[in-house]
Amino acid sequence: MATFITEECINCGACEPECPNSAISQGDDIYVINPDLCTECVGFHGEEACAAVCPVDCCVPDPNRTETEEQNYAKLATIHPDKTFPSLGELTAELSRFRK
Ligand code: SF4
Ligand code: SF4
């Protein structure tokens, strides 16, 4: 499930630098997440980094874009072609919210 930003966003900008995939940018009205770049932080953090810092809790799972851990993990190779990640089976709770 890619994360998305609701209309409650107050444009504070806190989430943008926290995303390990540079998936967040400032949109016309509020900040937005490119779902193709959002891995729900799989490979980097055990929770969604944007949601962890958002002061108004408006970074939430997109019910219209349900994705498995495998699908999120598969995006990493495309987003970070020069980076090596642990194999899917080696992901820990610190590297994947799906392991909790
Ligand atoms: S959940 Fe993680 S990867 Fe997705 S937009 Fe938020 S910080 Fe970026
Ligand atoms: S941290 Fe929350 S309120 Fe601030 S820009 Fe990001 S989504 Fe909007």
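Throughout, numbering of the chain's residues begins at 1 and tracks the sequence. All ligand and atom numbering here is 1-based and tracks the order in the structure.
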- Task: Could you list which atoms of ligand 1 come closer than 4.0 Å to a heavy atom of Thr39?
- Result: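 The list of qualifying atoms is 3 (S).
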
- Item | For Asn21, the ligand 1 atoms whose distance to one of its heavy atoms is below 4.0 Å |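 Every atom of ligand 1 under 4.0 Å from some heavy atom of Asn21: 3 (S).
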
Tell me: protein heavy atom nearest [atom], and distance?
atom: atom 4 (Fe) of ligand 2; result: Cys12 SG, 2.3 Å
atom: atom 2 (Fe) of ligand 1; result: Cys41 SG, 2.3 Å
atom: atom 6 (Fe) of ligand 1; result: Cys50 SG, 2.3 Å
atom: atom 8 (Fe) of ligand 1; result: Cys19 SG, 2.3 Å
atom: atom 1 (S) of ligand 1; result: Thr3 OG1, 3.3 Å
atom: atom 5 (S) of ligand 2; result: Gly13 N, 3.2 Å

- Message: If you apply the rule side-chain contact (heavy atoms from CB on, under 4.5 Å), what do you find for His80 with Phe85, and how did you get there?
- Response: CA-CA 9 Å; His80 303 281; Phe85 294 91; 3.8 Å; yes

Is it true that a side-chain atom of [X] and a backbone atom of [Y] form a donor plus acceptor pair closer than 3.5 Å?
X: Asn11; Y: Asp29; result: yes
X: Glu18; Y: Cys15; result: no
X: Glu90; Y: Ser87; result: yes
X: Lys75; Y: Leu37; result: no

- Message: Heavy atoms only, cut-off 4.0 Å: how does Pro55 contact ligand 2, side chain, backbone, both, or neither?
- Response: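 Side chain only.
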
- Message: Below 4.0 Å, non-hydrogen atoms only: which portion of Ile10 touches ligand 2? Side chain, backbone, both or neither.
- Response: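 Ile10 to ligand 2: contacts from backbone and side chain alike.
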
- Query: Would you say the side chain of Leu95 lies within less than 4.5 Å of the side chain of Pro86, judging by non-hydrogen atoms?
  - Reply: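 Yes. Closest side-chain heavy atoms under 4.5 Å.
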
- Query: Is atom 6 (Fe) of ligand 1 less than 2.8 Å from an N/O/S atom of Cys38, whether that atom is in the backbone or a side chain?
  - Reply: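 It does not; every qualifying atom lies at 2.8 Å or beyond.
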
Atoms in ligand 2 with a heavy atom of [X] nearer than 4.0 Å:
X: Cys9; answer: 3 (S), 5 (S), 7 (S), 8 (Fe)
X: Val56; answer: 3 (S)
X: Cys58; answer: 2 (Fe), 7 (S)
X: Cys59; answer: 7 (S)

- Message: side-chain contact (heavy atoms from CB on, under 4.5 Å) for Val32 and Ile5? Distances and angles first, verdict last.
- Response: CA-CA 6 Å; Val32 294; Ile5 295 173; 5.7 Å; no

- Query: Is it true that the side chains of Asp62 and Thr3 contain a donor and an acceptor less than 3.5 Å apart?
  - Reply: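 Asp62 vs Thr3: no donor-acceptor pair found between side chains.
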
- Query: Any N/O/S of Cys15 under 2.8 Å from atom 6 (Fe) of ligand 2?
  - Reply: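 It does; at least one qualifying atom falls short of 2.8 Å.
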
- Let me know which of Glu47, Glu69, Glu48, His45 forms a side chain to side chain donor-acceptor pair (under 3.5 Å) with Arg97.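 It is Glu48; the other options fail the test.
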
